[in-house]
Number of protein chains: 2
Amino acid sequence: MSDPVTGTGAEPRWLDAEQQRHWRTYLEGVSRFIEALGREHERHLSVSLNEYELLVRLSESPTGTVRMSVLADGLAHSRSRVTHTVGRMEARGLVKRVATPGDRRGVDCVLTDTGRRTLVSEAPAHVAAVRRLMVDALTPEQFAALGDAMAVVARTCREAEPD
Amino acid sequence: MSDPVTGTGAEPRWLDAEQQRHWRTYLEGVSRFIEALGREHERHLSVSLNEYELLVRLSESPTGTVRMSVLADGLAHSRSRVTHTVGRMEARGLVKRVATPGDRRGVDCVLTDTGRRTLVSEAPAHVAAVRRLMVDALTPEQFAALGDAMAVVARTCREAEPD
DNA sequence: CGTACGTAGTTGAACGTTCAACCGACTTCG
DNA sequence: CGAAGTCGGTTGAACGTTCAACTACGTACG
């Protein structure tokens with residue numbers, strides 16, 4: 001019970017003790033994990049986690065080419081962020097930019113040979129870290145449950161943020 | 001397989017298709033969720049998600065006082081980050097800083113009346129968003145499984161990063 | 001005592017993301 | 001055709017985090 005926070009009328013449904021514990025654990029886990037994985041990248045790899053994921057997306061296209069906006073949507077990043085990230089990667093020779101054929105607004109991001117070599121040589125360390133810090137630390141059932149739960153959350157957020 | 005780490009001799013154990021799917025889903029879910037929750041804060045609340053969590057920590061101390069380093073550890077943030085965050089919040093009157101009694105190196109962060117009022121008035125919107133975007137979107141079992149999985153990940157990362 | 005080392009917190013610069021403003025190119029429709 | 005609106009991408013400034021260097025205090029050990 002509590003307060004007379006007028007105006008809102010509705011008494012908010014607080015989280016119970018157990019929910020609150022799960023929520024805190026979620027926050028801590030996510031924070032520590034991205035921090036640990038990011039640190040792994042900056043210590044042992046030449047590309048950051050974000051850059052790595054971008055390289056992976058490019059490598060999955062048969063031509064090593066993905067349009068900037070598709071990259072942005074796929075990575076759930078803003079267009080501006082992708083512009084800056086690709087700009088930095090281009091300066092290092094990992095990718096290059098070419099005009100999209102048929103749409104003069106568009107820009108295609110293309111994986112260079114250097115970029116592909118970098119990805120191939122650094123993938124093992126990346127996967128090893130992901131395994132060590134998450135996949136292998138969980139039982140297969142736990143990992144699957146984690147994936148399923150986050151799928152629901154992702155969908156919910158996508159609907160809430162139709163952008 | 002799984003040979004000694006000598007050289008690069010080891011064939012990396014890649015993720016299988018299903019694991020990869022879960023991993024991607026995890027990344028997307030986490031990214032979209034923090035983005036959606038952060039946006040909720042910046043749209044409807046006067047404090048960011050990080051600042052809110054800091055206020056909560058302070059409010060849980062009977063005296064509204066928590067030492068900077070305890071804050072940093074509890075939030076899994078660097079000391080520097082807490083210094084900057086508290087500096088900005090102090091400038092807005094939400095918290096204040098006082099010397100830790102008995103240890104002249106220490107600094108205690110104290111919740112002000114303004115800070116407490118802010119927390120009380122904005123908590124409902126925060127909780128509503130957390131519920132809408134995550135807790136209520138999942139079944140109780142899913143949410144519990146998510147919490148349990150992240151507890152393991154958090155512990156693993158804490159051990160990997162004893163810092 | 002004093003030297004050396006660890007802890008607590010701050011500082012300022014560098015870096016990456018966000019935001020708003022912008023421009024050129026496509027589309028719709030009168 | 002031409003105007004209005006949308007889409008794709010870039011730009012530069014503002015903001016928050018990280019990093020390395022630094023001050024000051026505490027602790028251990030000779």
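To find a chain, count down the sequence lines: A is the first, B the second, and so on, and within it residues start at 1.
Atom CE in B/Met89 sits roughly 16 Å away from atom C1' in D/dC15 (whole-Å rounding). One can place NE2 of A/His41 at 15 Å from P of C/dG16, the figure rounded to the nearest angstrom. With rounding to whole Å, B/Arg92 atom CZ is found 12 Å from D/dC15 atom C1'. Atom CG in B/Asp108 sits roughly 8 Å away from atom P in C/dG9 (whole-Å rounding).
Where B/Thr100 and A/Asn50 each meet DNA chain C at their nearest nucleotide, the meeting point lying more 5' is that of B/Thr100. Taking the nucleotide of DNA chain D with the nearest heavy atom to each of A/Asp103 and B/Thr85, the more 5' of the two is matched to A/Asp103.
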In B/S/- notation (B base, S sugar-phosphate only, - none; protein heavy atoms under 4.0 Å), nucleotides 18-23 of chain C written 5' to 3' is BB----
Any chance you could list the contact pattern along nucleotides 2-7 of chain C? Use B for base contacts, S for sugar-phosphate-only contacts and - for none, protein heavy atoms under 4.0 Å, 5' to 3'.
----BB
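Contacts of A/Ser121 classified as side chain to side chain donor-acceptor pair (under 3.5 Å), with partners at least two apart in sequence or in another chain: none. Not counting sequence neighbours, the partners of A/Arg105 by the side chain to side chain donor-acceptor pair (under 3.5 Å) test are A/Asp103. Checked against salt bridge (charged side-chain N to carboxylate O under 4.0 Å, His left out), B/Arg32 has the following partners two or more places apart in sequence or in another chain: B/Glu28. Taking A/Arg81 as the reference, nothing meets the salt bridge (charged side-chain N to carboxylate O under 4.0 Å, His left out) condition, with sequence neighbours excluded. With sequence neighbours excluded, the residues that form a salt bridge (charged side-chain N to carboxylate O under 4.0 Å, His left out) with B/Arg132 are B/Glu40. Scanning for side-chain contact (heavy atoms from CB on, under 4.5 Å) contacts around A/Ala151 gives B/Thr25, with sequence neighbours left out. Partners of A/Glu42 by side chain to side chain donor-acceptor pair (under 3.5 Å), not counting sequence neighbours: none found. Every residue two or more places apart in sequence or in another chain that forms a salt bridge (charged side-chain N to carboxylate O under 4.0 Å, His left out) with B/Arg97 is listed here: B/Glu90. Under the rule for a side chain to side chain donor-acceptor pair (under 3.5 Å), the partners of B/Arg92 that lie at least two apart in sequence or sit in another chain are B/Glu51.
Side-chain N/O atoms of A/Arg67 include one lying less than 4.0 angstrom from OP1 or OP2 on D/dG9. In this model, the phosphate group of D/dT10 is approached by a side-chain N or O of A/Arg97 to a distance below 4.0 Å at OP1 or OP2.
Using a 4.0 Å cutoff on non-hydrogen atoms, no part of residues 53-65 of chain A comes near DNA chain D.
A/Ser48 comes within 4.0 angstrom of no nucleic acid atom, judged by non-hydrogen atoms across all strands. Looking at heavy-atom distances under 4.0 Å, B/Thr83 makes contact with a base. Within 4.0 Å (heavy atoms only), A/Arg88 reaches at least one base atom of the nucleic acid.
Looking at B/Thr85, its side chain never comes within 3.5 Å of a backbone N or O of B/Val82 through a donor-acceptor pair.
At least one side-chain heavy atom of A/His41 sits less than 4.5 Å from a side-chain heavy atom of A/Leu37.
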